[in-house]
Protein chains: 2
Amino acid sequence: MSNPYQETWSRFSEFLSEKGLRMTDQRKSIVGALFSQDAHFTADDLLKDAQKLDETVSRATLYRSLPLLVESGIIRMVDVGQDNKFYALNSQSENFKAQVICSDCNRIEDIDAPFMEWYGKSVSEKLGLKVKDQRLQVQAECPDFRKSGKCSKES
Amino acid sequence: MSNPYQETWSRFSEFLSEKGLRMTDQRKSIVGALFSQDAHFTADDLLKDAQKLDETVSRATLYRSLPLLVESGIIRMVDVGQDNKFYALNSQSENFKAQVICSDCNRIEDIDAPFMEWYGKSVSEKLGLKVKDQRLQVQAECPDFRKSGKCSKES
DNA sequence: GTGCTTGCAAAGACTTTGCAAACTT
DNA sequence: AAGTTTGCAAAGTCTTTGCAAGCAC
């Protein structure tokens, strides 16, 4: 139960059976592949790794699983206003994260910004809005880029 | 010059000629159509209105113009992590805006959040990052939805 | 005239869906 | 057995691109 994979797996199982859905081999592999991902991954990244665990996982199944993983709270969408959609594993820590996106290499880093959360909430609630989710995105040049004109970690 | 269309048009003209590009009828119509847009619009919204002004504006031309409009600073991309990309006219006011997205009807509202800007900047610069752009996105239920379970303005 | 622009249609990238077979419960 | 899930392939959606004709400068 302290194993993050176990924990996630049983959480997903539970979610599925509550909705009358089933845990299949393919879904197991997809959950397993979550743990070999970087902090931010694309649908395609996840598919490739899921197929390493079980080559019968098809693209269709992966795309059918993503909404379930999001709805169950296991992952979240991280849209960075670039071309691709990214996803990220929801960590246990409930700290509000700001996403810092390097404008050169598109690398994404999460930084803690707990104060942000408070601020966004208080502004929104003054307007009568009930906040469900919020994110701060910062586009910036990373230190590597500023020094050398190029990101050392460029993909 | 006080006319926002005039102002925008000449700004775009200038931008184009600096880059050795040309002002065409189609580009004029696209700029004209910017002013019949809501605060946030899609490529398709803009195309439809540009075609009302000049039916010869093609989808290809619209898509070829968008990057130019962004690069010239006339519009900006507003990615809300939903399915579509949105664009918005850059207003003269340089106030930092937070985007509040109604999770029911997907309507987007901008609210001023000048303090946010300061905070995001100060956090990022502590990390050695040079901020180029930032945005706060808040997903929330709007007041209509909370009262009636449905957005009055639902599209 | 030079070479940027255009519309068209085809191609791309990514995601969704219909269907019959297979599998979970 | 009942009903969900699967892979496949086709279809969708949105955006980009090659090309030859047209237009701005």
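Order of the sequence lines fixes the chain letters, A, B, ..., with proteins taken first and strands second; residue numbering starts at 1 for each chain.
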message = Contact between B/Phe41 and B/Ile75 at the side-chain level, heavy atoms closer than 4.5 Å - yes or no?
response = yes
request  = Using whole Å, report how far CG of A/Leu16 lies from P of D/dT5.
outcome  = 8 Å
key: Interatomic distance where CZ belongs to B/Arg27 and P belongs to D/dC23 [whole Å]   = 15 Å
query = Between atom CZ in B/Arg59 and atom P in C/dA11, what is the gap in whole Å?
reply = 19 Å
request  = Taking only the side-chain nitrogens and oxygens of A/Thr24, find out if one of them lies under 4.0 Å from OP1 or OP2 of D/dT4.
outcome  = no
inquiry  = Can you identify which nucleotide, out of C/dT6, D/dG3, C/dG3, has its nearest atom closest to the B/Arg22 side chain?
reply    = C/dG3
query = In whole angstroms, how far is the P atom of D/dT5 from the CZ atom of A/Phe12?
reply = 10 Å
Donor + acceptor pair across side chains of B/Gln37, B/Asp45 (<3.5 Å) = no
message = Quick check for you: among C/dG18, D/dT17, C/dT5, whose closest atom lies nearest to any side-chain atom of B/Ala60?
response = D/dT17
ask   = Taking atom P of C/dT6 as reference, at what distance in whole Å does atom CG of B/Leu66 sit?
value = 12 Å
inquiry  = What is the separation between atom CD on B/Glu18 and atom P on D/dC25, rounded to the nearest whole Å?
reply    = 15 Å
task = Provide, to the nearest angstrom, the distance between the CZ atom belonging to A/Arg64 and the C1' atom belonging to C/dC14.
result = 15 Å
request  = Map B/Gly20 and A/Ala43 onto DNA chain C by nearest heavy atom, then report which one ends up closer to the 5' terminus.
outcome  = B/Gly20
inquiry  = If I take atom OH in residue B/Tyr87 and atom C1' in nucleotide D/dC14, what distance separates them, rounded to the nearest angstrom?
reply    = 10 Å
